[in-house]
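Please read the structure below before turning to the comments.
Order of the sequence lines sets the chain letters (A, B, ...), proteins ahead of strands, with each chain counted from 1.
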Number of protein chains: 2
Amino acid sequence: MTEKDTAFDLQDFLPYLLNQSAEACGLGFQKIYKGRYGILRSEWRVLFHLGRYGSMPAKEIVARARTHKTKISRAVKALEQKRYLKRERDDADRRLEHLALTPAGARVYRDLVEEARRYDAALLARLPPEDAEALRRALKALAG
Amino acid sequence: MTEKDTAFDLQDFLPYLLNQSAEACGLGFQKIYKGRYGILRSEWRVLFHLGRYGSMPAKEIVARARTHKTKISRAVKALEQKRYLKRERDDADRRLEHLALTPAGARVYRDLVEEARRYDAALLARLPPEDAEALRRALKALAG
DNA sequence: AGGTATTGGTTGAAAATGTAACCAACAAGC
DNA sequence: GCTTGTTGGTTACATTTTCAACCAATACCT
């Protein structure tokens with residue numbers, strides 16, 4: 001079989017590139033929340049959604065974060081055990097539980113948002129501004 | 001505590017965006033190699049490196065793909081069991097084993113590279129060309 | 001030569017993820 | 001009412017990933 005005109009390099013394969021940079025960027029921030037509060041990425045996400053948008057049922061976090069409900073379920077349990085969130089049954093529909101951060105959880109949220117801002121800025125500083133702009137657009141388009 | 005002037009949205013947090021789009025893009029291609037050959041992402045990577053760059057020891061795949069050696073070790077074992085690669089001890093340094101694709105493995109490689117090209121093209125088609133260019137640059141800078 | 005350190009690679013246990021089955025509460029149809 | 005279907009959420013099990021310990025071969029040092 002003959003080689004194609006343009007050899008296919010992994011460095012040009014978008015899913016690979018995305019994965020590599022997502023991992024590289026994610027790891028640095030993970031060190032912060034994991035090292036400081038011993039929480040997982042899924043827990044950080046739940047924490048963030050509740051901190052940013054206020055109390056909501058788990059199903060809404062599932063929809064917003066586009067992750068599987070088991071992941072959320074376990075993250076919620078873990079955060080509850082760490083006393084960062086509390087659940088409250090809805091009286092009208094007793095299947096629903098409204099999740100909300102405790103004061104301790106809110107403090108963690110605020111601290112991590114601070115860090116996230118800093119971290120994000122540091123990442124962006126590595127790019128020319130017009131690339132940063134295009135990057136955001138492209139990622140949103142690809143995230144579908 | 002007062003709100004910051006600019007509310008921090010997850011959609012603006014680069015690690016989150018990267019992760020979301022990496023997952024979205026990765027999943028589509030995963031269906032192909034997993035569905036067609038029953039291989040994992042780590043196995044596809046090993047397969048790719050060997051198919052693209054020829055025989056090499058595991059440690060070099062580790063270095064190139066920037067993954068942990070246990071992951072590679074297990075991927076190699078799985079590919080060997082599927083008869084897609086064979087190992088050969090180096091006579092000079094008997095710790096090393098040179099990995100190479102079997103003819104069957106090479107066929108899988110060629111098929112998947114075909115698919116990868118197509119898949120990549122389809123992804124890029126969703127972006128304006130100048131964004132695609134900037135995206136690649138940015139991702140490479142961030143993967144650093 | 002001998003002793004120690006390093007390297008290439010494997011293995012086992014613990015942690016995390018994905019898949020599917022499950023349960024209770026509600027909704028819809030009759 | 002009763003049956004069926006759906007929804008919100010959890011649990012159990014298999015698959016993957018991670019972490020640390022491990023082993024054998026080589027390199028280094030005296």
Side-chain angles (χ1 to χ4, degrees), chain A residues 19-20 22-24 26-27 30-31 33-35 37-47 49-50 55-82 85-100, chain B residues 19-20 22-24 26-31 33-35 37-47 49-50 55-82 85-100:
Chain A
N19 200 62
Q20 290 294 102
E23 210 150 297
L27 232 58
Q30 180 175 21
K31 279 196 189 116
Y33 57 71
K34 190 173 182 181
Y37 301 108
I39 64 178
L40 261 35
R41 182 151 61 195
S42 52
E43 298 169 42
W44 147 244
R45 285 218 187 139
V46 168
L47 196 81
H49 280 284
L50 294 177
S55 170
M56 62 177 83
K59 65 165 214 163
E60 195 163 336
I61 304 183
V62 167
R64 283 177 188 268
R66 286 139 151 258
T67 69
H68 204 269
K69 56 184 186 171
T70 60
K71 232 169 163 177
I72 300 299
S73 172
R74 294 199 257 244
V76 166
K77 193 206 285 185
L79 287 173
E80 191 184 24
Q81 282 168 350
K82 288 172 186 121
L85 80 72
K86 57 188 192 326
R87 327 155 102 122
E88 204 172 326
R89 283 258 167 237
D90 184 311
D91 283 328
D93 184 343
R94 313 241 329 286
R95 290 170 302 183
L96 288 175
E97 36 191 24
H98 297 282
L99 309 173
Chain B
N19 200 62
Q20 291 295 99
E23 209 150 295
L27 231 59
F29 192 62
Q30 180 176 22
K31 279 196 190 120
Y33 57 70
K34 190 171 183 184
Y37 302 108
I39 64 179
L40 261 36
R41 182 151 61 195
S42 52
E43 298 171 41
W44 147 245
R45 284 217 187 140
V46 168
L47 197 81
H49 280 285
L50 295 177
S55 171
M56 62 177 83
K59 65 164 212 165
E60 194 163 336
I61 303 184
V62 167
R64 283 176 187 269
R66 288 139 150 250
T67 70
H68 203 269
K69 58 183 183 170
T70 60
K71 232 168 159 180
I72 300 299
S73 171
R74 283 171 169 135
V76 167
K77 192 205 283 188
L79 287 173
E80 192 184 23
Q81 284 169 348
K82 289 171 186 121
L85 80 72
K86 57 187 192 326
R87 326 154 101 119
E88 204 172 328
R89 284 257 167 237
D90 184 310
D91 283 326
D93 184 343
R94 310 242 330 286
R95 290 172 300 186
L96 288 174
E97 37 191 24
H98 297 283
L99 309 173

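Residue Ala92(A) is in sugar-phosphate contact alone, with no base atom involved, counting any heavy-atom pair closer than 4.0 Å across all strands shown. Here Arg89(A) lies out of heavy-atom contact (under 4.0 Å) with every strand.
Listed by chain and residue number, nothing satisfies the salt bridge (charged side-chain N to carboxylate O under 4.0 Å, His left out) test with Glu23(A) (two or more places apart in sequence, or in another chain). Contacts of Lys71(A) classified as side-chain hydrogen bond (donor to acceptor under 3.5 Å, both in side chains), with partners at least two apart in sequence or in another chain: none.
Annotation: side chain of Glu80(B) is in contact with side chain of Arg87(B) (closest heavy-atom distance under 4.5 Å). Counting heavy atoms from C-beta on, the side chains of His98(A) and Asp90(A) come closer than 4.5 Å. A heavy-atom distance below 4.5 Å is found between the side chains of Phe29(B) and Trp44(B). Here the side chains of Leu27(A) and Gln30(A) are in contact, with some heavy-atom distance below 4.5 Å. Between Arg41(B) and Lys34(B) the shortest side-chain heavy-atom distance does not fall below 4.5 Å.
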Please list, pair by pair, any protein nitrogen or oxygen found under 3.5 Å from a nitrogen or oxygen in nucleotides 13-21 of chain D.
{"unit_1": "dT18(D)", "atom_1": "O4", "unit_2": "Arg74(B)", "atom_2": "NH1", "d": "2.8"}

Please list, pair by pair, any protein nitrogen or oxygen found under 3.5 Å from a nitrogen or oxygen in nucleotides 4-7 of chain D.
{"unit_1": "dT7(D)", "atom_1": "O2", "unit_2": "Arg95(A)", "atom_2": "NH1", "d": "3.0"}

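Counting only distance, with no hydrogens or angles, the side chain of Arg94(B) and the backbone of Arg89(B) share no donor-acceptor pair below 3.5 Å.
First and last contacting nucleotides of DNA chain C toward chain A (any atom under 4.0 angstrom from a heavy atom, 5' to 3' order): dA16(C) to dC26(C).
Shown here for Ala22(A) and Ala22(B), the closest heavy-atom pair between the two residues is CB-CB, 4.1 Å.
Nucleotide dA27(D) holds its C1' atom 15 Å from the CG atom of Asp90(B), rounded to whole Å. Distance CG (Leu96(B)) to P (dA25(D)): 13 Å, rounded to an integer number of Å. For Glu97(B) and dA24(D), the CD to P distance is 15 Å, given to the nearest whole Å.
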Chi angles and distances behind the salt bridge (charged side-chain N to carboxylate O under 4.0 Å, His left out) call for Glu43(B), Arg74(B): CA-CA 8 Å; Glu43(B) 298 171 41; Arg74(B) 283 171 169 135; over 6 Å; no

Show me the donor-acceptor pairs, under 3.5 Å and distance only, between side chains in residues 56-65 of chain A and residues at least two apart or in other chains.
{"unit_1": "Glu60(A)", "atom_1": "OE2", "unit_2": "Arg64(A)", "atom_2": "NH2", "d": "3.4"}

